[in-house]
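Following: one structure in structure tokens, then a few remarks.
Each chain gets a letter, A, B and so on, in the order its sequence line appears, and its residues count up from 1.
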Amino acid sequence: MISTLQKTIRPMWAARGLHKSAMEVLKHPAPEDTVTASFGKFISEIKPQHLSSSVLHRSKRMVLDSIGVGLIGSTTEVFELVLQHCQHMYAPDDISSVYGRGGTRLSPTLAAFVNGVATHSMDFDDTWHPATHPSGAVLPAVLALSDMIPSNSKPSGLDFLLAFNVGIEIQGRLMRFSNEAHNIPKRFHPPSVVGTMGSAAACARLLSLDHSQCSHALAIAASLSGAPMANAATQSKPLHIGNASRLGLEAALLASRGLEASSLVLDAVAGVAGFSAFYEDYVPQPLESPNDGHTFLLEEQDMGFKRFPAHLGMHWVADAAASIHKLLVGVGPGTVSPAQVQEIQLRVPKSKYINRPFPESEHEARHSFQFNACSALLDGEVTVQSFTPAAMNRPELLALLSRVHVEHPHDNPANFNHMYGEVQVTLVGGDILKGRCDTFYGHWRNPLTDESLRKKFRNNAGVVLPSEKVERLIEVVEELDRLGNCTPLLSQLQ
Amino acid sequence: MLRKRITESFGAAIHALNTAQLTDGVINRSKRMILDTLGVGLLGTRTAVFNKALMYSQMFTSEERSTVWGKSDIILPPHFAAFVNGIAVHSMDFDDTWHPATHPSGAVLPALLALAETLPSQPSGLDLLLAFNVGIEVQGRLMRFSREAYNIPERFHPPSVVGVMGSAAASAKLLGLSPAQCSHALAIAASSAGAPLANAATQTKPLHIGNAARRGLEAAQLAQIGLEGNPAILDMDSGFGVYYKDYTPSAMADSACSGFRWTLENQNVAVKRIPAHLGMHWVVDAALAARAKLENTVGYFDLSQIRHITLRVPPSKYVNCPFPATEHQARHSFQFNACSALLDNKVTVASYSEAQINRPALKELLSKVKMETPKDNQPSFDTMYCEAEIETDEGQSYAARCDTFYGHWRKPLSDKDLVGKFRVNASSVLSTEGVEGVIDVVGNIERVSDCSILGSYLRMTSSSHAQLYSTRVL
């Protein structure tokens, strides 16, 4: 295995060396004035000192949450399925660790794949605006790649964080190229479009590829992007993130071996679509050089973290329904009985893939306004347990579901920055109770406190790891930017 | 929503289609496709892109091993064998082309051969042929769901859209999956579809076919162990419909009923004579004919006679490249191919080397080219034409037009010429025994009881060739 590793690593470091000597001799022509070239330059030139303390803080929260969500995700059926697939299709390869499975390692791209699947398996991972799940596409690849790098040249914690942030930043920049990206998606599942590109960018950064190779990594990744929305709310959806992570890493590795692709992939070229193929409207902008003073998007636009494992839109109706539950139950402990309820009205944005009156699987339930509203109405909250078969099949829940009507008010756009969720319950006696949520706790406008985030992490990670490891992970991520070597992080994940 | 059950009908058909339904016509045509694809793939194992992909793929090992075409001593995990062999097939743009436009065989055959080698009991040649045709059929059906698919593409590279679906279908067939699993294989594959056209005419384009083969196989294997996707993936606009601006799917007819006809029966493929985008074949034939006219009239042919060259072609940006800098661009350039034809009186595999691309005489000719896109010249491989007009210093004009090049589905290569193309391609890496062995096996594939014999021929390299040419960049 070591010899394979050396064989793989040598060409990359050779590429690094080539970069230096080539720059000295000035053999490379000046980068062209294209959007694609500007992205390549940015990725190759960005340095740790460009990370502000706010970006460091926010991205460390993302890393922690993503790991926790990935760890609990390693208990799901879909994770088990893809892990088995990888282990059957390929020989054991002792390189990159698999979340929550002591002693199980895979080839780097396969580890990125399964860990990415774990991260998105319960729809518990972070969500950004414009909409995508940025961390799950990037972190597994950066971790897997770090495992691959020989122990005497492991990246520092700061290098690691820089690569991670590059992966997030590139995703954010790409989504701002279209108006389509600003709304809840209808065609392509965003993580499959920008996630792959983010992963490629992050890995290119970690590999220290030169600006041309960075551009080619993005271009190669573009040919690996794009999955339809129809597979959201199915068991295949988590593979969108798993594949984004895996294929972005693959693109960077291929670029490091000299594979080339379109040098105009991000630019708008009439008659020949590049990255623009994934959008109906597309206006790309170049990225300025980091040396000219660069502000990361994460500084201006914070991340949303989920409190329960379901599509982001569910959090609004759950909070609205929970407030009604409180009113019904009053001060003492009590339950809400379907017998009390005559009708439930939901006022939500129009979005077909999260409008499901009677979800038939856990995946559908995580993408159902109706299900999440009724669960919160019954229980006062939605939790990990709300999506178990037992909870899903409760007669009380089914009874409530049959009384739901959904409305799409004109003032409720399908946009995570502007939408609201309103729940109106008409009681049998005729009383009407209303709950409305404009900003749920965990949204970027009302972020989870560090303590709430750690609590979520403990609940998640604790399902598969002993508490010493859980606490150690919290510490390591907290001090990640001060670690000279990211190995302490890599060694605690299983 | 009333489900139209289109995806279900595809799953059912993939499962139910059987060897008895293979007609003589389809058997004959698909065997030609298989032979051509193997030859083109073998030649492609000498390219730089293949070697990069091979090096990358060798990072992975597995217990199951599959043949890398043209390599006697390298085996790879099945997915990566499918990957690199698929890349080899498309590496020189020498593989078959269909109408509506895609390169159907390269996405399917590498996956099937890799998969076949791992099955506990080896499939017969007829099983392989059936699975292959299922993979082709599904691609043909899917392309007929939109008008967009009928023209030369602008957004997504078709093999990356339908190719992965064909590979999934073919693999599902060979694995004997249930109708539901076949549907899920398609759904899982759909999430791996769609690469932008901008990477055509670059070194990455061959990966579109390699990945289609690889990820279609993966989709079928994931479906086999129970992974599920959207069971209405073909029915929905937000499913497979995302890859097209207009999308009107329809169900696949009950394969058991007598009305079933293979798409390949109604619509043959084009087999290329030169390793370049299909459109180039028209312009080459037109340029050669114009050149001949000039030579016959004047008595000789001299480059210095030429003042202007006008090419009348359909509008298609990605094959309009006035001064190609790489072999990949050269294969996608009306101008380059016309001028090569004029300069050399032929266009061959050797025309795309760096040395040939950079010839001063060629560059000078290129500077004399003017392009026109007449309104009646539609960007469709079924209706396009190319005209080449040479204007001499003396003010004389010699023009020729090509409506249907030799190799097009309207004027298919003779069996003799098809086998001849295979021999030339395959001999670059295989020994004579290997070359003739493949011809023999594929020619009689419906009678072969164990198709693993094909793999052994594909590994019979000519050893001296292997040493000289294993790393030479074409």
request  = Considering only heavy atoms and a distance below 4.5 Å, find which of K186(A), E250(A), H189(A) pairs most often with chain B.
outcome  = E250(A)

request  = Determine yes or no for a side-chain-to-main-chain donor-acceptor pair under 3.5 angstrom, with D267(A) supplying the side chain and V35(A) the backbone.
outcome  = yes

message = Enumerate the salt bridge (Lys or Arg N to Asp or Glu O under 4.0 Å) contacts for residues 231-240 of chain A, please, sequence neighbours excluded, ordered by first and then second residue.
response = D123(A)-K237(A)

query = For A190(B), is it the side chain, the backbone, both, or neither that has a heavy atom closer than 4.5 Å to a heavy atom of chain A?
reply = both

Top of S223(A), S236(A), A227(A), G271(A) for chain B proximity - count of heavy-atom pairs under 4.5 angstrom = S223(A)

remark   = Distance col, row Y243(B):OH vs E148(B):CD, nearest 0.5 angstrom, shows 13.0 Å

inquiry  = Which residues in residues 241-248 of chain A have any heavy atom closer than 4.5 Å to a heavy atom of chain B?
reply    = N243(A), R246(A), L247(A)

inquiry  = If the test is side chain to side chain contact (heavy atoms under 4.5 Å, CB included), which one of S351(A), S192(A), P185(A) qualifies with M229(A)?
reply    = P185(A)

task = Side chain from CB out, backbone as N, CA, C, O: work out which of these in H240(A) comes under 4.5 Å of a heavy atom of chain B, or both, or neither.
result = side chain

key: Evaluation steps, side-chain contact (heavy atoms from CB on, under 4.5 Å), between S146(B) and K245(B)   = CA-CA 8 Å; S146(B) 78; K245(B) 294 212 156 97; over 6 Å; no

query = Considering heavy atoms only, which positions within residues 181-188 of chain B lie below 4.5 Å of chain A?
reply = A187(B), I188(B)

query = Using 30° and 60° as the class limits, which term best fits the ring planes of H332(B) and H277(B): parallel, tilted or perpendicular?
reply = tilted

remark   = When every non-hydrogen atom of I95(A) is compared with those of P108(A), the smallest separation belongs to CG2-CG, 3.9 Å

query = What do you reckon, are the aromatic ring centroids of H133(A) and H120(A) less than 6.0 Å apart?
reply = yes

Among the listed options I225(B), D237(B), L227(B), V49(B), the residue most often paired with chain A at heavy-atom distances under 4.5 Å = L227(B)

message = Heavy-atom pairs under 4.5 Å with chain A: which of S62(B), P196(B), P153(B) has the most?
response = P196(B)

request  = Could you grab the distance from atom CG of L217(B) to atom OG of S167(B), nearest 0.5 Å is fine?
outcome  = 6.0 Å

query = chain B: which of A270(A), S361(A), S276(A) shares the most heavy-atom pairs with it under 4.5 Å?
reply = A270(A)

key: Pair F39(A) + F275(A): ring centers closer than 6.0 Å   = no

key: Best-contacting candidate, V269(A), T109(A), L81(A), V78(A), against chain B by heavy atom pairs under 4.5 angstrom   = L81(A)

request  = Only pairs at least two apart or in different chains count here, so list each ring-ring contact (aromatic ring centres under 6.0 Å, His included) that has a residue in residues 247-274 of chain A.
outcome  = none

ask   = If you count heavy-atom pairs under 4.5 Å between each of F240(B), F156(B), Y318(B) and chain A, which one has the most?
value = F156(B)

request  = Under 4.5 Å heavy-atom distance to chain A, tell me which part of E228(B) shows up: side chain, backbone, both or neither.
outcome  = both

remark   = Okay, N211(B) and chain A: the region with an atom under 4.5 Å from a heavy atom over there is side chain

request  = Report the relative orientation of the aromatic rings in Y279(A) and Y282(A); use parallel for angles under 30°, tilted for 30 to 60°, perpendicular for over 60°.
outcome  = parallel

query = Under 6.0 Å between the ring centres of H328(B) and Y352(B)?
reply = no

key: Minimum side-chain heavy-atom gap F113(A)-L106(A) below 4.5 Å   = no

query = Between F60(B) and Y90(A), what is the ring plane arrangement, given parallel below 30°, perpendicular above 60°, and tilted in between?
reply = tilted

inquiry  = Counting heavy-atom pairs under 4.5 Å with chain A, which one of R214(B), E64(B), E63(B) comes out on top?
reply    = R214(B)

